[in-house]
Amino acid sequence: MVFALHETLRKIGGVWIGSHPETTDDPAESLSEYGDQGEYARLSFSLSPEDYKNFYLGFSNSVLWPVCHRRGDLVKLDRGFERGYSAVNARLARQVMKVAAPDDMIWVHDYHFFPLATELRKLGFTGKIGFFLHVPFPALGDMGALPREANLAHWLADYDLVGLQTRADVARCLEMFRAETDAEFLMNGTIKCGARAVAIRSFPIGIDVETFVQAAQGGSEQDRLADDMAGDIVIGVDRLDYSKGLPNRFRAFGRYLETRDERERRVSMVQIAPPSREEVAAYRELRYELEELVGRVNGEHGEIDWTPLRYIHRNLDRNLLARLYRRARVGIVTPFADGMNLVAKEYVAAQDPEDPGVLILSHMAGAAEDLTDAILVNPYDIEEMSEALKTALALPLEERKRRHAKCMAQVRATDVSRWSQTYVQALKTCAATLVVKPPAREWSEA
């Protein structure tokens, strides 16, 4: 996403607004300069420690994140979270209004800012506002865990274009609007809710393909460390998050080790899981569970000269990561829910087309809509994932090449620069027709 937005702004100009990495006790009411990129400017807004607690860790990541990822049981409601989320979005809207011209186009990203368009409209902004959700759109049933004040339908209706990752996300979003008594589906494909209409479309995000292909080919001494690893490698790369299905993945690998033929070549799983939101209790508990599982798998199956499961709880250099992808015989991506999952696309892009590895992919990842030639699995089914590992490791070269070629074609078709260009063009062309002017009869005649 960073690359895509950088390239888009470099070409067309504009302003990138994001949160400052450090909190402050007294957040300013105006945006601050945060470095000039030449073709465009960067501005930052500040959060107080209380904002960080309530807006970011609280409502964004202890309410909206679990709801979007089908974990309503992990939602933690707190009136302070709701107030903090509303206050930050309202303050950011005031700050944006100080730098935005009436005819500017604004592109808002992710669940932290669902109500930003509503706040901007309250202040009189009449320009085009687009939104893109990088995580899964929540199912209607899971929205019942949200507080009454969190009305996603009315928040999204104040945007001109809502971009989602997949066709399934679009279907879930439309289901939400169908449940709204004041929502109306218009003949031009937009949805009227309140005084405005919004278009809902999928824009599957991708990666910077060519840059990643070059990184995977490597060249430095550090990169060559990947080549020194013995035996077949299964690799997983995920932020440490309960949506990624890591405990089940470790159990499936343990099950594979239990059933493998002792005469077969040794297989090691490398799981890279950088820390994430460890201030939230659910994340701390996940870390403890994974560490216990790593010890159990290695204790039961390891040898003096072989550690079956290597667990790395930190970030790795991007070039080394690309080389590890290329070295791995299997890439395993098994989230319970994921908006897209770019690791799947990175793994495919990193492969040697003459001797590619095999991607095992959860059918619940957004990437599974297009990467249908991966081995698709149910991330809740330990036995199925274990069998998928056995199948992937045994696939003959021609079948591996066929699957990889099909997947790589899809990865190239959704290159990240194309994603951003497509979205911006869609917002330019569709938004001018979306403001609804009553009475509704005028629309039916049009």
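For the single chain, residues carry numbers from 1 onward in sequence order.
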State which residues pass salt bridge (charged side-chain N to carboxylate O under 4.0 Å, His left out) with [X]; sequence neighbours excluded, sorted by chain then number.
X	answer
Asp415	none
Glu180	none
Lys11	none

Over all atoms of both residues, closest heavy-atom pair of [X] and [Y]:
X	Y	result
Phe59	Pro147	CE1-CG, 3.7 Å
Asp160	Gly127	OD2-O, 3.7 Å
Pro335	Ser362	O-OG, 2.8 Å
Ala367	Asn341	CB-O, 4.1 Å
His20	Ser46	CB-OG, 4.2 Å
Tyr52	Glu279	OH-OE2, 3.3 Å

Nearest 0.5 Å, what's the [atom1]-[atom2] distance between [X] and [Y]?
X	Y	atom1	atom2	value
His363	Leu371	NE2	CG	15.0 Å
Ile272	Leu324	CD1	CG	5.5 Å
Ile129	Arg196	CD1	CZ	7.0 Å
Leu74	Lys76	CG	NZ	12.0 Å
Ile17	Ser44	CD1	OG	9.5 Å
Phe250	Ile382	CZ	CD1	12.0 Å

Distance alone, cut at 3.5 Å: any donor-acceptor contact between the side chains of [X] and [Y]?
X	Y	result
Asn61	Tyr111	yes
Asp26	Thr24	no
Gln271	Arg249	yes
Thr118	Asp158	yes

Ignoring hydrogens and geometry, is there a side-chain-to-backbone donor-acceptor pair from [X] to [Y] under 3.5 Å?
X	Y	answer
Arg403	Asp373	yes
Tyr159	Phe114	yes
Glu119	Leu92	no
Lys122	Gly124	no
Arg400	Pro356	yes

Would you say the side chain of [Y] lies within less than 4.5 Å of the side chain of [X], judging by non-hydrogen atoms?
X	Y	result
His112	Phe55	yes
Leu389	Phe253	yes
Arg201	Leu427	no
Leu146	Leu152	yes
Phe131	Leu116	no
Asp110	Leu133	yes
Ile235	Tyr347	yes
Ile332	Met269	yes

Partners passing ring-ring contact (aromatic ring centres under 6.0 Å, His included) against His404 (at least two apart in sequence or in another chain)
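If we apply the ring-ring contact (aromatic ring centres under 6.0 Å, His included) test to His404, skipping adjacent residues, there are no hits.
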Taking the six-membered ring of Tyr242 as reference, does the NZ or CZ atom of Arg71 fall below 6.0 Å from its centre and within a 45° cone about the axis?
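Relative to the ring axis of Tyr242, which defines the angle, Arg71 lies inside both limits.
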Trp419 and Phe132 aromatic centres sub-6.0 Å
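So the answer is yes for these two rings.
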Kindly indicate, with the supporting measurements, whether the criterion side-chain contact (heavy atoms from CB on, under 4.5 Å) is fulfilled by Tyr283 and Leu240.
CA-CA 7 Å; Tyr283 290 80; Leu240 190 67; 5.7 Å; no
Filter on side-chain hydrogen bond (donor to acceptor under 3.5 Å, both in side chains), then keep only pairs touching [range], sequence neighbours left out; what's left?
range	result
residues 130-148	His109-His134
residues 80-104	Glu29-Arg94, Ser30-Lys98, Asp51-Arg91, Arg79-Glu82
residues 164-174	Thr166-Asp169, Asp169-Arg172

Run the side-chain contact (heavy atoms from CB on, under 4.5 Å) test against Glu292 and tell me which residues pass, sequence neighbours left out.
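With neighbours one apart ignored, the set is Arg296.
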Is any side-chain N of the basic residue among Arg284 and Glu291 closer than 4.0 Å to the acidic one's carboxylate O?
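No, no charged N to carboxylate O under 4.0 Å.
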Worked verdict on Arg323 versus Asp352 for salt bridge (Lys or Arg N to Asp or Glu O under 4.0 Å):
CA-CA 11 Å; Arg323 288 289 291 168; Asp352 177 356; over 6 Å; no
Tell me the salt bridge (charged side-chain N to carboxylate O under 4.0 Å, His left out) pairs involving residues 329-348, sequence neighbours left out?
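Every pair satisfying salt bridge (charged side-chain N to carboxylate O under 4.0 Å, His left out) with a residue in residues 329-348: Lys244-Asp338, Arg329-Asp355.
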Quick one: which residue pairs count as a salt bridge (charged side-chain N to carboxylate O under 4.0 Å, His left out) with a foot in residues 418-427, not counting sequence neighbours?
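Pairs touching residues 418-427 that pass the test: none.
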ring-ring contact (aromatic ring centres under 6.0 Å, His included): pairs with one or both residues in residues 320-345, sequence neighbours excluded:
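Every pair satisfying ring-ring contact (aromatic ring centres under 6.0 Å, His included) with a residue in residues 320-345: Phe212-Tyr325, Phe336-Tyr380.
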Residue pairs involving residues 169-207 (criterion ring-ring contact (aromatic ring centres under 6.0 Å, His included); sequence neighbours excluded):
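Passing the test, one end in residues 169-207: Phe203-Tyr423.
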Passes side-chain contact (heavy atoms from CB on, under 4.5 Å), Val96 versus Ile106? Steps please.
CA-CA 9 Å; Val96 170; Ile106 298 175; 3.9 Å; yes
Assess the residue pair Val270 and Val234 against the criterion (side-chain contact (heavy atoms from CB on, under 4.5 Å)); give the C-alpha distance rounded to whole Å, side-chain angles, the decisive distance to 0.1 Å, and a yes or no.
CA-CA 6 Å; Val270 177; Val234 176; over 6 Å; no
Could you walk me through whether Ser32 and Leu43 pass the side-chain contact (heavy atoms from CB on, under 4.5 Å) check?
CA-CA 5 Å; Ser32 302; Leu43 301 176; over 6 Å; no
Reference residue Tyr40; test side chain to side chain contact (heavy atoms under 4.5 Å, CB included); the match among Leu9, Ile12, Val15:
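Filter result, single survivor: Leu9.
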